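Here's the structure, in structure tokens; my notes come after.
Please read all numbers here as calculations on a predicted model, not as lab measurements.
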Amino acid sequence: MKKNRERFCNREREFVYKFKVGSQCFELRVPLKFPVQENASHLHGRLMLLHNLPCFIEKELKEALSQFIEEESLRDYDREAEAALEAVKSGEVDLHQLASTWAKAYAETTLEHARPEEPSWDEDFADVYHDLIHSPASETLLNLEHNYFVSISELIGERDVELKKLRERQGIEMEKVMQELGKSLTDQDVNTLAAQHFESQQDLENKWSNELKQSTAIQKQEYQEWVIKLHQDLKNPNNSSLSEEIKVQPSQFRESAEANGRVYEEQRKLEESFTIHLGAQLKTMHNLRLLRADMLDFCKHKRSHRSGGKLHRLQTALSLYSTSLCGLVLLVDNRINSYSGIKRDFATVCQECTDFHFPRIEEQLEVVQQVVLYARTQRRSKLKESHDSGSRNGGSDDKTKTADRNYLNILPGEFYITRHSNLSEIHVAFHLCVDDNVKSGNITARDPAIMGLRNILKVCCTHDITTVSIPLLLVHDMSEEMTIPWCLRRAELVFKCVKGFMMEMASWDGGISRTVQFLVPQSISEEMFYQLSNMLPQIFRVSSTLTLTSKH
């Protein structure tokens with residue numbers, strides 16, 4: 001059959017078109033190779049330009065060309081089909097093999113006849129966990145998770161102590177060498193010692209990293225196997241040992257000692273809550289909260305496992321596989337890693353507790369890097385295609401150089417998402433890229449950071465994230481240039497923009513009630529906090545309370 005196909009392909013046929021200009025007759029002859037790969041409209045335009053044809057024949061020429069290509073193509077298809085039938089009749093092609101090939105292709109392309117997809121392990125575990133966390137076994141699950149958390153935290157504490165001792169020892173050695181510099185030792189000796197110190201630190205960090213990775217992998221496997229077994233036992237009503245499996249025995253679950261030195265100090269939180277209505281005709285009620293708190297407070301587990309922290313963790317676990325997820329916006333630089341700043345602090349918090357449902361933070365970031373690399377490659381090819389036309393207007397060269405220089409980096413206003421089941425109060429983290437421009441006082445509503453917030457809120461609407469925490473001032477820490485007027489201007493801008501974005505949400509999701517938390521840094525003064533609190537009801541429409549009295 002392939003031979004028959006090749007017989008009718010790559011044939012040249014001549015397209016003939018006759019037309020009159022006044023009393024003169026003209027004839028256009030164009031050789032075409034079939035099958036025609038080029039678009040008929042593009043070919044027609046090239047003929048008009050190449051032969052300088054008059055404009056009044058343009059429409060008629062296009063129709064004639066399209067009709068010629070269609071008719072000749074159909075003739076080729078008919079000849080090919082007849083040749084294939086003759087091959088089957090003559091026995092050149094095995095009829096049974098042809099039938100099986102057709103049946104396989106039909107089954108693979110038709111959903112009705114396709115084999116059902118086998119459920120994955122992650123989907124099965126998600127269903128099982130959702131059932132158990134809404135059962136009497138929920139407290140046992142949380143206690144087991146807390147026990148694992150304490151174990152990993154103690155391991156991290158040992159790592160920190162060992163690294164601290166190594167750095168102190170290396171510091172003493174470097175001081176002694178520096179005292180002998182210029183006497184019995186040279187700069188080369190100092191550089192050699194510094195290289196040895198760096199290599200020792202790297203070896204120790206790698207050792208502990210591998211140990212933590214192995215411990216979390218073992219915990220995850222044990223936990224998932226235990227959850228599956230407990231769910232199977234729950235289905236068996238005759239299981240006499242079931243009550244013992246889900247029986248809560250606090251003595252079995254260790255509490256970490258405060259003497260460990262890694263207990264998080266809780267600073268005094270300031271908080272104001274508001275209920276607002278947004279919308280022109282169909283109004284939707286939303287909850288707004290203004291808090292003075294650290295962004296990572298919503299991620300950290302409380303080591304003492306007090307009732308308050310336990311309730312937060314229970315709420316997060318109950319809504320893990322639901323339509324009421326919680327998100328958090330972190331402001332990061334343009335590099336996708338967990339090595340510096342708040343990215344490193346966030347990664348440390350993620351590592352302190354094993355994630356039993358999603359990949360580790362490092363694995364998720366590796367996937368993000370691959371996606372960014374693919375997106376940058378696509379964008380780079382498009383820039384090169386439009387380079388010639390763009391260079392006339394200027395600026396295209398700068399964009400191309402920027403794309404080449406920051407090939408693996410994201411741009412201000414872009415963000416990537418990580419998923420978590422092991423954090424205290426959130427399920428999703430939005431890592432929004434910002435630059436030093438956010439520290440200036442002249443940003444507008446079209447700033448990349450503001451537009452990034454809009455896109456984040458749109459993702460919240462399309463992916464059932466009903467609670468989102470946003471840094472109100474678009475910074476995590478205060479600095480000297482952030483004066484009171486600066487804070488008021490920035491807060492007013494973010495309040496107004498978020499209000500506009502929330503009104504857009506009604507067209508995105510049909511008007512679902514949401515909770516938006518505006519966070520300001522811990523270092524901000526109480527006076528400044530209450531000024532921002534007074535500003536919020538002036539920008540949003542705050543619901544007023546009604547006092548109903550009865551007349552006697």
Side-chain angles (χ1 to χ4, degrees), residues 120 122-123 125-134 138 141-142 144-146 148-149 152 216 220 223-224 227 286-287 289 291 293-302 308-332 338 342-343 345-365 367-368 415-432 452-453 455-471 505 508-509 512-519:
S120 65
D122 292 337
E123 293 175 352
F125 178 72
D127 294 336
V128 168
Y129 179 83
H130 185 75
D131 291 342
L132 285 181
I133 201 65
H134 290 82
S138 60
L141 286 177
L142 295 182
L144 182 58
E145 290 179 9
H146 184 73
Y148 281 141
F149 159 65
I152 293 295
T216 54
K220 187 172 184 177
Y223 181 85
Q224 291 182 342
V227 166
H286 301 278
N287 298 316
R289 298 176 69 197
L291 296 94
D294 188 273
M295 295 295 290
L296 297 183
D297 287 346
F298 296 91
C299 308
K300 297 174 181 175
H301 282 278
K302 305 302 182 289
K310 195 172 183 178
L311 290 176
H312 280 305
R313 179 67 194 128
L314 176 61
Q315 179 61 34
T316 305
L318 290 172
S319 57
L320 179 59
Y321 296 102
S322 72
T323 56
S324 300
L325 302 176
C326 299
L328 176 75
V329 179
L330 288 177
L331 305 176
V332 299
S338 56
I342 195 168
K343 295 185 296 183
D345 298 337
F346 178 74
T348 301
V349 174
C350 294
Q351 292 167 355
E352 286 186 335
C353 188
T354 303
D355 197 320
F356 302 109
H357 302 263
F358 303 112
R360 297 182 302 114
I361 180 69
E362 294 84 3
E363 295 176 5
Q364 295 191 48
L365 292 180
V367 174
V368 172
F415 62 91
Y416 53 93
I417 301 172
T418 54
R419 302 168 299 161
H420 309 274
S421 66
N422 57 337
L423 302 181
S424 177
E425 299 179 45
I426 70 164
H427 308 99
V428 178
F430 298 94
H431 304 257
L432 176 61
L453 284 180
N455 294 330
I456 287 174
L457 290 177
K458 192 168 185 178
V459 171
C460 292
C461 290
T462 56
H463 291 80
D464 300 321
I465 300 172
T466 56
T467 301
V468 59
S469 301
I470 298 172
M505 287 184 190
W508 295 339
D509 59 13
I512 296 177
S513 180
R514 300 184 181 278
T515 299
V516 179
Q517 301 185 138
F518 297 101
L519 273 61

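Contacts of H420 classified as ring-ring contact (aromatic ring centres under 6.0 Å, His included), with partners at least two apart in sequence or in another chain: F346. Considering only residues two or more places apart in sequence or on other chains, F356 meets the ring-ring contact (aromatic ring centres under 6.0 Å, His included) condition with Y148, Y223. With sequence neighbours left out, the ring-ring contact (aromatic ring centres under 6.0 Å, His included) criterion links H134 to H130.
When atom types are taken as modelled, the side chain of D355 and the backbone of R360 share no donor-acceptor pair closer than 3.5 angstrom. Formation of a donor-acceptor pair under 3.5 Å by the R514 side chain with backbone atoms of I465 is found in this model. For Q364 (side chain) and P359 (main-chain N/O), a donor-acceptor pair under 3.5 Å exists by modelled atom type. A donor-acceptor pair under 3.5 Å is formed between the side chain of T462 and the backbone N or O of K458.
Under the 4.5 Å side-chain criterion, counting only non-hydrogen atoms from C-beta, H463 is not in contact with L325. Counting heavy atoms from C-beta on, the side chains of I342 and L331 never come closer than 4.5 Å. In this structure the side chain of H146 never reaches within 4.5 angstrom of the side chain of R313, judged on heavy atoms. Considering only heavy atoms from C-beta on, C299 comes within 4.5 Å of I426 through its side chain. Two residues are said to be in side-chain contact when any heavy atoms from C-beta on lie closer than 4.5 Å; P471 and V329 meet this criterion. Inter-residue side-chain proximity for K300 and E352 is flagged as unmet; no heavy-atom pair is nearer than 4.5 Å. The shortest distance between side-chain heavy atoms of L330 and M295 falls below 4.5 Å. You'll find the side chain of L423 stays beyond 4.5 Å of the side chain of T316, heavy atoms only.
In terms of heavy-atom proximity, T418 sits nearest to L365 at CG2-CD2, 4.3 Å. Between S319 and Q315, the shortest heavy-atom contact is OG-O, 2.9 Å. Of all non-hydrogen atoms in F358 and S421, the two that sit nearest each other are CD1-N, 3.7 Å. Here the shortest heavy-atom pairing between T354 and I152 reads OG1-CG1, 3.9 Å. Shown here for S324 and H427, the closest heavy-atom pair between the two residues is O-CE1, 4.4 Å. What you find for G452 and F415 is that their closest heavy atoms are O-CE2, 4.1 Å.
Separation of atoms CG (N422) and CZ (F149) is listed at 10.0 Å; rounding is to 0.5 Å.
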